Structure formats: structure tokens, C-alpha cells
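To start, the structure under review is shown below, and the notes come after it.
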Amino acid sequence: MHNLGILLSGRGSNFIAIADSINAGRVANARIAVVISNKADAPGIANATQRGLNALVIPSKGKKREEHDREVVAALKQHNVHLICLAGYMRLLSPWFVQQFPRRILNIHPSLLPAFPGLEAQEQAFAYGVKVSGCTVHFVDEELDHGAIIMQKTVSVLDTDDERTLAARILEQEHIAYAEAINAVLGGEFEIAGRRYRRKTV
Ligand code: GRF
């Protein structure tokens, strides 16, 4: 059984999708050991509490990045977390944090990286006029929205779309992609050559 740690800052729909996927058996051999928010008022952390999960608020406000990261890492280690899933966690991890969990931190981003990293990726893509966008699940390294890509799903941009409808269709794909990527990584049958993540053929 693998222990997952979820870090979030807001709505938490990706966390909910992961939790539901575990309950439905779409993610095998995993349990959510702890959910941590840096914001006390994040709806995602309220949901984690309602579900009876270990839900912690570790406020980041007024703390230096690494000072906050040390508290978060201590909590993750205390709960024997094997894989960390960033799910709308609005903090850049310090290099020290990333080094504590090599190839054990995942993030989901609402664009086809390397296009449109950073905030409001769906709005950036829409305004740029792309015809295809989507989402990316990737390992976290020391740069923003940058590590090796595990999985991408595409979404067509329709003439009738606005930023909101596009973001909503991307979000549906995020929820599917994150569970699939967690399953793949926990399965352990992969290799990373340079930036290229590949499933190993057996
Ligand atoms: C998602 O769009 C995710 O890709 C991005 O932040 C958003 C979080 O949404 N990293 P939610 O809190 O999971 O609903």
C-alpha cells in the first residue's frame, strides 16, 4: 500500500478526483495518508476533513519558503508519505524540498507544457488563440512547471468556447489524467532518460 500526500491551496477538485479514484479502485494500492493546505480557508481542506482524512493546515503566510517547507516535509515524513501530489498548491517548492523526495512529487498543470507555464494557463492559451490545449502531469523539479512529463491529455478549443468553458473541459481531463499518472508511477514500471519518461515494456 502506497501512502499519498496531497498538497493544495484552494478548491481541491483534483484532490477530490484522486480520492474518488482510489475509492473506485481506479488507483490501486494507494491511500491518502495526509492532505496539507497552506491556506486555512481552502475548500479542499474542508472536504478532506469531511472525508475523515488527516487534514492539516500549515500556514505559509509570513514564513520564509524553506522554513515553511521544513514544516510540510516533517508532516509528510511523519505520515510515511511515498508519493506527493501537488493539487492546486500555489507555492513553488524549495530545492531542498524537491531533494527530499526525488521522483516522488507530481504536479498537474492546465496546459500542454512547455506552452503556457505559470498562472492562468487556460486563459493564456485561449488568448493566444491555440486550437488545441489540455493538461500535463509531470514530475516536479526545481523549476516551475518543468519536470519530466508523465502524461498529457488534449482538449480541442471550439469556436464557441470562452476561457471558462475551455477551462472546465480541461479540468475534466485533469481529473482523469491525474489518476492515470499516479497509477502509472506507483506501478513503478518506467524509466526516465533525459527528460523522456517511458513506460517499460515487459
Ligand atoms: C488546476 O487547474 C490545476 O491544474 C492547477 O491548479 C488548479 C487546481 O484546481 N495546478 P483544483 O484546486 O484541483 O480544483
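Just so you know, ligand 1 is whichever comes first in the structure, and atom 1 is the first atom listed for that ligand. All values below come from the heavy atoms of this structure, side chains included, with hydrogens, waters and symmetry mates left out. Computed from a predicted structure; not experimentally measured.
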- Query: Polar-atom distance check: G12 versus ligand 1, any N or O pair below 3.5 Å?
  - Reply: yes

- Based purely on interatomic distance, does I108 place a nitrogen or oxygen under 3.5 Å from a nitrogen or oxygen of ligand 1? yes

- Item | With Y89 via ring pair (Phe, Tyr, Trp, His ring centres under 6.0 Å) - residues at least two apart | none

For [atom], what's the nearest protein heavy atom and its distance?
| atom | value |
| --- | --- |
| atom 8 (C) of ligand 1 | G88 CA, 3.6 Å |
| atom 11 (P) of ligand 1 | S13 N, 3.4 Å |
| atom 1 (C) of ligand 1 | E174 OE1, 3.1 Å |
| atom 9 (O) of ligand 1 | R11 NH2, 3.1 Å |

- So which of R198, R196, R199 actually passes salt bridge (Lys or Arg N to Asp or Glu O under 4.0 Å) with E191? R198

- Residues at least two apart in sequence or cross-chain that pass side chain to side chain contact (heavy atoms under 4.5 Å, CB included) with A167, listed by chain then number, are Q122

- Query: For Y128, does the OH atom sit with more than 12 other heavy atoms under 6.0 Å from it, leaving out its own atoms?
  - Reply: no

- How about V185 and L83: do any of their side-chain heavy atoms sit closer than 4.5 Å? yes

- Query: Hey, which atoms in ligand 1 end up nearer than 4.0 Å to a heavy atom of P110?
  - Reply: 2 (O), 4 (O), 5 (C)

- Over all heavy atoms of both residues, which pair between Q152 and L113 is shortest? Give the atoms and the distance, please. NE2-O, 3.1 Å

